[in-house]
Amino acid sequence: MAKPSTSSNAIWWIKNPKAEHEKKLKGLRKNSLGSAFCLDMRDLLKNISLQGYNKLLSPDLTFGERLIWLLLHTVTAVSLVVVLSLTWEQFVAQSFVTNLKDPLYPVENVPFPAVSICTNNRISRKAAIKYAEELQLSSPITRPVEYYLERLNYLREFYVHVGAVIDSEDFVSFQTFLDVFGTWQNETFFDTRRIMKMLTPSCQDYVLKCTLANVDVPCQSAFQETLTMYGPCCTFNTENKLKKRNFKNRLASPELGLTVVLNSSHSDYFSPILNTNGYIVLIHNADDYATVSSSNTLEMFPGQGEDTYLQIYARVVDTDDSLKSFSPFGRRCYFEYEMQISAHEQATNASGYVYTFPNCITRCRIRSIIALCRCLPFQFPLQLVENLDGVVYCTLSHLPCINQYMFKWRNVMTERHLIQGLEREIEEALYCPQCLPSCNDVQYRVSMSSLPIDNYLASLKLDENNQTQFSEDISVLRVYFGDPNAQYYIRLLNNAWFEIFSTIGNIMSIFVGFCMVAIFEILFFFTKYIYQGCNRIVEQNIIDRNAKKLEEKKLYICP
């Protein structure tokens with residue numbers, strides 16, 4: 001005898017159709033995941049730890065009052081999302097901060113900067129007369145020495161564009177003469193650097209006396225001739241020998257700093273470049289090429305015949321090791337090991353190259369000059385040139401090209417931001433995005449004051465003939481630290497993870513009274529139904545596979 005439940009689905013086979021239908025609906029309601037979710041969501045809203053959500057299902061409130069509570073919670077949720085997004089953007093934008101770590105950092109731990117002294121007279125009259133006589137002897141046409149002296153004054157254009165109306169053909173014709181009769185036998189091209197070094201006043205004639213920490217030092221060893229933006233100059237501390245000092249050698253007073261006696265006589269003047277009666281002092285890092293346009297170089301103009309005091313104030317900037325996990329372009333600086341890699345990659349052909357931000361800018365400028373004008377100005381050091389093959393020094397014939405792009409090379413950008421009204425300047429400026437400053441750097445600030453030279457002359461000792469060691473045509477320069485302490489700054493993360501966590505927690509507590517218990521309740525609720533939903537999907541897939549297998553094995557009897 002067949003069972004009614006398996007023989008037919010007709011209504012007459014069911015003993016109690018109404019009870020069976022209610023039982024079936026009850027089973028469907030019990031097994032429905034959506035119904036269970038709604039019931040559990042109702043229980044969650046009634047018992048959640050957050051404030052005010054139980055009002056949505058409170059039987060004591062009318063429908064209008066519940067609607068007001070729903071509107072309030074919606075506005076609160078939207079406001080919370082907006083405030084959290086703005087807070088997160090602020091955290092991302094201010095990832096790093098520079099704080100004052102030690103306002104009394106000992107100045108003896110701060111490297112003493114290099115001091116480059118350049119004369120206003122860039123061409124010595126004695127050297128110019130001597131070279132003019134050599135050109136007169138080499139020339140096949142007999143001309144007076146004054147003719148060549150007048151032409152040698154054109155070389156001042158290498159330092160500064162005077163602005164006088166001079167025909168460029170005069171430059172080209174005189175340079176053609178120098179290319180033939182102004183070169184040595186072993187030179188293929190006219191060596192502008194050799195000629196300009198020969199014409200520049202020597203350090204022995206300009207620097208007369210040197211005193212360091214109230215002790216006389218030989219000027220020949222203390223000052224060396226190096227290349228700067230003004231050509232060959234007399235530079236102190238070129239090898240950074242004063243990087244490490246002790247307490248007794250702090251160089252923090254006029255008497256215990258660097259004192260230099262300079263020759264201020266105008267008898268050898270031939271080609272001054274400044275409109276003032278003075279000389280040039282460049283304060284820069286010992287490893288940097290001294291040029292103002294590459295930053296970090298301070299330029300001062302003391303007067304002739306004065307006792308000048310240059311007070312140096314240092315600021316040390318360090319970076320916390322926690323920032324090493326960020327990329328150099330993310331933190332906007334290079335650590336020491338990264339600078340060594342960068343120097344090796346960018347300057348494989350440069351010997352003695354030390355990576356610094358000013359040197360990187362100078363290398364970028366040299367690359368642009370060689371690309372645009374096909375020459376190298378004699379002021380730039382060869383250590384910063386990437387490839388020396390086929391590179392010649394700029395001559396008078398290259399001056400029109402150099403003056404044409406001078407604005408581009410004096411304006412450098414490492415980042416480009418569109419600023420309304422400055423579109424042309426942005427396009428014409430030199431773009432060097434690969435240059436980043438050092439994470440551990442020292443920045444200097446200089447204050448200058450001067451006194452009459454009479455006070456210094458009165459302090460000199462008299463000899464047997466009642467004469468002092470120097471005449472009145474001298475200038476005195478004193479360079480020293482103006483404060484026995486320096487300011488020590490450190491760059492670190494602006495907000496640590498616990499600060500971000502506490503800030504977000506405070507904001508959520510203000511808006512919705514959020515707490516860790518509520519987070520656990522919500523996570524448990526959604527995790528439960530995600531798990532149940534996945535189980536339902538897996539069970540349904542198993543049932544479908546079994547039904548498919550049974551359908552394939554089912555026997556059909558045809559009449």
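Distance alone, capped at 3.5 Å, places no donor-acceptor pair between the Arg315 side chain and the Tyr444 backbone. One N or O on the side chain of Asn121 and one on the backbone of Ile123 form a donor-acceptor pair closer than 3.5 Å. Checked by atom type and distance alone, the side chain of Asn120 pairs as donor or acceptor with a backbone atom of Leu274 at under 3.5 Å. Panel note: side chain Asp483, backbone Asn485; a donor-acceptor pair is recorded below 3.5 Å. When atom types are taken as modelled, the side chain of Arg245 and the backbone of Val110 share a donor-acceptor pair closer than 3.5 angstrom. Under the 3.5 Å distance criterion, the side-chain polar atoms of Arg478 are left unmatched by any main-chain donor or acceptor of Thr259. Between the Glu338 side chain and the Phe335 main chain, a donor and an acceptor come within less than 3.5 Å of each other. Between the Asn359 side chain and the Tyr289 main chain, a donor and an acceptor come within less than 3.5 Å of each other. The main-chain N or O of Phe174 is never found under 3.5 Å from a side-chain atom of Asp170 such that the two would form a donor-acceptor pair. Panel note: side chain Ser138, backbone Glu134; a donor-acceptor pair is recorded below 3.5 Å.
Under the 3.5 Å distance criterion, with hydrogens and angles disregarded, no donor-acceptor pair is assigned to the side chains of Ser438 and Tyr355. For Ser475 and Gln304, the side-chain atoms include at least one donor-acceptor pair closer than 3.5 Å. No side-chain donor-acceptor contact under 3.5 Å links Ser264 and Asp473. A side-chain N or O of Gln311 and one of Tyr313 form a donor-acceptor pair less than 3.5 Å apart. At a cut-off of 3.5 Å, with distance as the only test, a side-chain donor of Asp205 or Ser202 sits close to an acceptor on the other residue. Judged by distance alone, the side chains of Ser322 and Asp320 do bring a donor and an acceptor atom under 3.5 Å apart. Residues Arg365 and Ser293 bring a donor and an acceptor atom of their side chains to less than 3.5 Å of each other.
The shortest side-chain heavy-atom distance between Val317 and Ile490 does not fall under the 4.5 Å cut-off. Contact of the Ile369 side chain with the Phe380 side chain is registered, since non-hydrogen atoms from C-beta on lie closer than 4.5 Å. In this structure, the side chains of Leu396 and Leu155 come closer than 4.5 Å at one or more pairs of heavy atoms. Residues Leu310 and Val446 are in side-chain contact: their nearest non-hydrogen atoms beyond the backbone lie under 4.5 Å apart. Side-chain contact between Leu149 and Phe270: present, with at least one pair of heavy atoms (C-beta onward) separated by less than 4.5 Å. In this structure the side chain of Glu157 reaches within 4.5 angstrom of the side chain of Phe171, judged on heavy atoms. Residues Arg250 and Tyr480 are not in side-chain contact: their nearest non-hydrogen atoms beyond the backbone lie 4.5 Å or more apart. Side-chain contact between Leu430 and Cys364 is present, with heavy atoms from C-beta onward closer than 4.5 Å.
Counting heavy-atom neighbours within 6.0 Å of Arg374 CZ, excluding the residue itself, gives a total of 12 or less. No more than 12 heavy atoms of other residues, nucleotides or ligands lie within 6.0 Å of NZ in Lys243, so this atom counts as exposed by the packing criterion.
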Could you go through residues 275-286 and list every donor-acceptor pair under 3.5 Å that involves a side-chain atom there, pairing it with any protein atom two or more places apart or in another chain?
unit_1 : atom_1 : unit_2 : atom_2 : d
Asn277 : OD1    : His266 : NE2    : 3.2
His284 : NE2    : Ser116 : OG     : 2.9
Asn285 : OD1    : Asp287 : N      : 2.9

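The SG atoms of Cys203 and Cys219 sit 2.5 Å or more apart. The SG atoms of Cys360 and Cys432 do not sit under 2.5 Å apart.
Proximity of the aromatic rings of Tyr393 and Phe158 is defined here by a centroid distance below 6.0 angstrom, and this criterion is not met.
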Determine, step by step, whether Tyr431 and Arg416 satisfy the side-chain contact (heavy atoms from CB on, under 4.5 Å) criterion, reporting the C-alpha distance in whole Å, the side-chain angles of both residues, the deciding distance to 0.1 Å, and the verdict. CA-CA 8 Å; Tyr431 185 49; Arg416 283 180 175 176; 3.4 Å; yes
Worked verdict on Ile312 versus Val479 for side-chain contact (heavy atoms from CB on, under 4.5 Å): CA-CA 7 Å; Ile312 301 175; Val479 184; 3.4 Å; yes
Step by step, work out the side-chain contact (heavy atoms from CB on, under 4.5 Å) result for Val391 and Ile370. CA-CA 8 Å; Val391 177; Ile370 295 177; 4.2 Å; yes
Residues Val260, Val476; criterion side-chain contact (heavy atoms from CB on, under 4.5 Å); working and verdict: CA-CA 6 Å; Val260 186; Val476 179; over 6 Å; no
Run the salt bridge (Lys or Arg N to Asp or Glu O under 4.0 Å) test on Glu415 and Arg332 for me, step by step, so that the C-alpha distance in whole Å, both residues' side-chain angles and the decisive distance to 0.1 Å come before the verdict. CA-CA 11 Å; Glu415 294 182 1; Arg332 304 303 302 164; 2.9 Å; yes
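Judged as a ring-ring contact (aromatic ring centres under 6.0 Å, His included), and not counting sequence neighbours, Phe190 has no contacts. Not a single side chain to side chain donor-acceptor pair (under 3.5 Å) links Asn240 to another residue, sequence neighbours left out. When the side chain to side chain donor-acceptor pair (under 3.5 Å) test is applied to Glu239, no partner is found at least two apart in sequence or on another chain.
Atoms SG and NE2, on Cys375 and His398 in that order, are 4.5 Å from each other to the nearest 0.5 Å. How far CG of Leu258 is from CG of Leu212: 6.0 Å, rounded to the nearest 0.5 Å. Asp307 contributes atom CG, which lies 10.5 Å from atom CG of Asp454 (distance to the nearest 0.5 angstrom). Here the OG1-CG distance, from Thr235 to Leu227, works out to 9.0 Å after rounding to the nearest 0.5 Å. Between the CG atom of Asn440 and the SG atom of Cys333 there is a distance of 8.0 Å, given to the nearest 0.5 Å.
Closest of all the heavy-atom pairs between Glu386 and Arg367 is OE2-NH2, 2.6 Å. Smallest separation of non-hydrogen atoms from Val217 and Ala222: CG2-CB, 4.1 Å. Of all non-hydrogen atoms in Phe329 and Pro433, the two that sit nearest each other are CE2-O, 3.4 Å. Of all non-hydrogen atoms in Pro484 and Ala252, the two that sit nearest each other are CA-CB, 4.1 Å. Among all heavy-atom pairs drawn from Ser271 and Asn153, the shortest one is OG-OD1, 3.3 Å. Here the closest non-hydrogen pair linking Gly305 and Ile453 is O-CB, 3.4 Å.
Residues in residues 210-225 take part in these side-chain hydrogen bond (donor to acceptor under 3.5 Å, both in side chains) pairs, two or more places apart or across chains: Thr211-Asp216, Gln224-Thr238. Residue pairs meeting the ring-ring contact (aromatic ring centres under 6.0 Å, His included) criterion with at least one member in residues 98-131, sequence neighbours excluded: Tyr105-Tyr488, Phe112-Phe481.
Aromatic ring pairs are classed by plane angle as parallel below 30°, tilted from 30° to 60° and perpendicular above 60°; the pair Tyr405 and Trp409 is tilted. Taking the six-membered ring where the residue is Trp, Phe236 and Phe223 present tilted rings, their angle falling between 30° and 60°.
For the pair Arg143 and Tyr147, the distance from NZ or CZ to the six-membered ring centre is under 6.0 Å and the angle to the ring normal is within 45 degrees.
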